[in-house]
Colleague: 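One structure is given below, represented as structure tokens, and several questions about it will come after.
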2 protein chains.
Amino acid sequence: MSAADTKLTILDAAERLFADHGFAATSLRNIISEAGVNLAAVHYHFGSKDALIKAVLDRRIIPLNLERLRLLDLADAGGADAVDFLEQIIEALIGPPLRLSRENKTAGEHFMKLIGRTFAEADENLKKMFFAMFDEVVRRFFPAFEKACPHLPSSTLFWRCHFMVGGMAHTMCDKEAVEMYAKGVCDTNDVDGIIRELVEFSAAGLRATANLTTAKTKVKVRK
Amino acid sequence: MSAADTKLTILDAAERLFADHGFAATSLRNIISEAGVNLAAVHYHFGSKDALIKAVLDRRIIPLNLERLRLLDLADAGGADAVDFLEQIIEALIGPPLRLSRENKTAGEHFMKLIGRTFAEADENLKKMFFAMFDEVVRRFFPAFEKACPHLPSSTLFWRCHFMVGGMAHTMCDKEAVEMYAKGVCDTNDVDGIIRELVEFSAAGLRATANLTTAKTKVKVRK
DNA sequence: GTCTATATGGGGATAGAC
DNA sequence: GTCTATCCCCATATAGAC
């Protein structure tokens, strides 16, 4: 096996195991046994477990974010006044990560779970690293959402984008859980369908007027 | 220190550390050092690390779910045809966990992070245990949502509820991340405000008609 | 570049004195 | 009920032969 192969094999095994069991719960020994390589090879190629984690994430996130920005540029080029501009930028943000699962198993489903998991499992260290990876995406997308939602105060816009990302993350990390609850009701493998569902749901949520100061949504639940 | 105190102290320390670092990354030794008790005490009172995890979750989730069902009954009693019935049941589902953070630090914020994290960090074991805790809640709430959203096919209803829960989970687990991105734009401590934002966003998303078969939301992104 | 062997420390769990 | 002491395993990481 060539050196490049060894490195790739380690990355693939690590991606799968991290996705299934989490970073802390996955040992380098689990990884090398899955990959069929030697323990020392991991340290030779990556230096440390933390560096391996970063390499696993970088391999997917960097092209992923490039694709997001490409789609955002495409939407911008189409004109921010298009009736479905909002749908287009939502799709540009949530489509690429969800669509990853359509590719082969290694590149897709495992990583999808992994990135969903990473949202939650962050050590302070990992968290900083992870969110830094999305800095530019946030910086580029937020103004687009402001353009698409001029009716919203920025705090409301922020929360709604946050909820949308939560829906995306939750969908990415627990396909099995969905299947547990939704036996037969919906198809968790129809990624394009899921994306359309999330786009539609989020667009409707983002288009709604902000009524927080009225009494209407203040549900009286405390007796 | 009495036996009951020891047990409580362990639960509190475990809750905080699990919330901050995750289940796998937190050792019993971390916990006893935080709690100021002996390692053997953990095994005496709980039996194993897994049983301790379950005890930590049970302590909050059981009353939490009771409160959810109480609020659901209250909404049902008010009549399913009330204009804000949908808002009421959304609030009944997402309000109690988010509201926990208003209580004291131990009972609240730590657990909020913890339960958000648990959504993602599940071992297969833990995941089964965790989702079993919400079985009854799902069984009772889903028909209420069906009543409130007769316009939606059940697969679309299911996905939208799923996205809503994702927004809730994401909000619960990464207050720091929100603050990183939203410097000053919104107040992450205003839990009632967050709840109202999420209720409003989700209600709008759930009320929207399902257009998936039309071309409108099929954003053409692939050249 | 890849291996074996090992250093060094931390993990969960338990036996048995008090 | 609580402690000390310890078992035994697994973790990350590295040294050094090939």
Colleague: In whole angstrom, what separates B:I31's CD1 from C:dA13's P?
Modeller: 11 Å
Colleague: Taking CG from B:L8 and P from D:dG1, how many angstroms apart are they, rounded to a whole number?
Modeller: 14 Å
Colleague: Going by atom types only, do A:T9 and A:D12 share a side-chain donor-acceptor pair under 3.5 Å?
Modeller: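 Side-chain D/A pair, A:T9 to A:D12: absent.
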Colleague: What is the separation between atom CZ on B:F46 and atom P on C:dG12, rounded to the nearest whole Å?
Modeller: 15 Å
Colleague: Just by distance, with hydrogens left out, do B:T156 and A:E197 show a side-chain donor and acceptor under 3.5 Å apart?
Modeller: yes
Colleague: Between residues 47-58 of chain B and DNA chain D, which residues have a heavy-atom gap below 4.0 Å?
Modeller: none
Colleague: Should the pair B:F201 and A:F201 be assigned to parallel (<30°), tilted (30 to 60°) or perpendicular (>60°) ring geometry?
Modeller: perpendicular
Colleague: Are A:H43 and D:dA13 close enough that a side-chain N or O sits under 4.0 Å from OP1 or OP2?
Modeller: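 Yes.
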Colleague: Write down the distance between CG (A:L28) and C1' (D:dT14), rounded to a whole number of angstrom.
Modeller: 13 Å
Colleague: Is A:R16 paired with A:D20 through a side-chain N to carboxylate O contact shorter than 4.0 Å?
Modeller: yes
Colleague: Nearest whole angstrom, please: distance from the P of C:dG12 to the CG of B:L17.
Modeller: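 Computing the B:L17:CG to C:dG12:P distance gives 12 Å.
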Colleague: Report yes if at least one side-chain N or O of B:T6 is closer than 4.0 Å to OP1 or OP2 of D:dT2; otherwise report no.
Modeller: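 So the side-chain polar atoms of B:T6 do come within 4.0 Å of the phosphate oxygens OP1 or OP2 of D:dT2, strictly under.
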Colleague: In whole angstrom, what separates A:H45's NE2 from D:dA13's C1'?
Modeller: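 Checked: the NE2 to C1' distance equals 16 Å.
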Colleague: Counting only side-chain nitrogens and oxygens, does B:S27 get under 4.0 Å of the OP1 or OP2 atom of C:dG10?
Modeller: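 Negative; the distance criterion is not met.
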Colleague: Side chains of B:E67 and B:I62, heavy atoms from C-beta outward: is any pair under 4.5 Å?
Modeller: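 Side-chain contact under 4.5 Å: no.
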Colleague: Just compare C:dG12, D:dA11, D:dT2 and give me whichever is closest to any side-chain atom of B:Y44.
Modeller: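 Selected nucleotide (nearest to the side chain): D:dT2.
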Colleague: Taking the side chain as C-beta and beyond, is there a heavy-atom pair between B:L114 and B:L57 under 4.5 Å?
Modeller: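 The answer is yes, as the side chains (C-beta and beyond) meet within the 4.5 Å cut-off.
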Colleague: Using the benzene-type ring in the case of Trp, are the ring centres of A:H170 and B:H170 under 6.0 Å apart?
Modeller: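 Between B:H170 and A:H170, which both carry aromatic rings, the centre distance is not below 6.0 Å.
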Colleague: Using a 6.0 Å distance limit plus a 45 degree cone around the ring axis, check whether A:K49 lies over the aromatic ring of A:F23.
Modeller: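 Relative to the ring axis of A:F23, which defines the angle, A:K49 lies outside at least one limit.
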Colleague: Sort me out a list of protein N/O and nucleotides 3-7 of chain C N/O pairs below 3.5 Å, or just none if empty.
Modeller:
from	atom 1	to	atom 2	distance (Å)
C:dT4	OP2	A:N38	ND2	3.1

Colleague: Hey, are B:S48 and B:H43 close enough side-chain-wise for a donor-acceptor pair under 3.5 Å?
Modeller: no
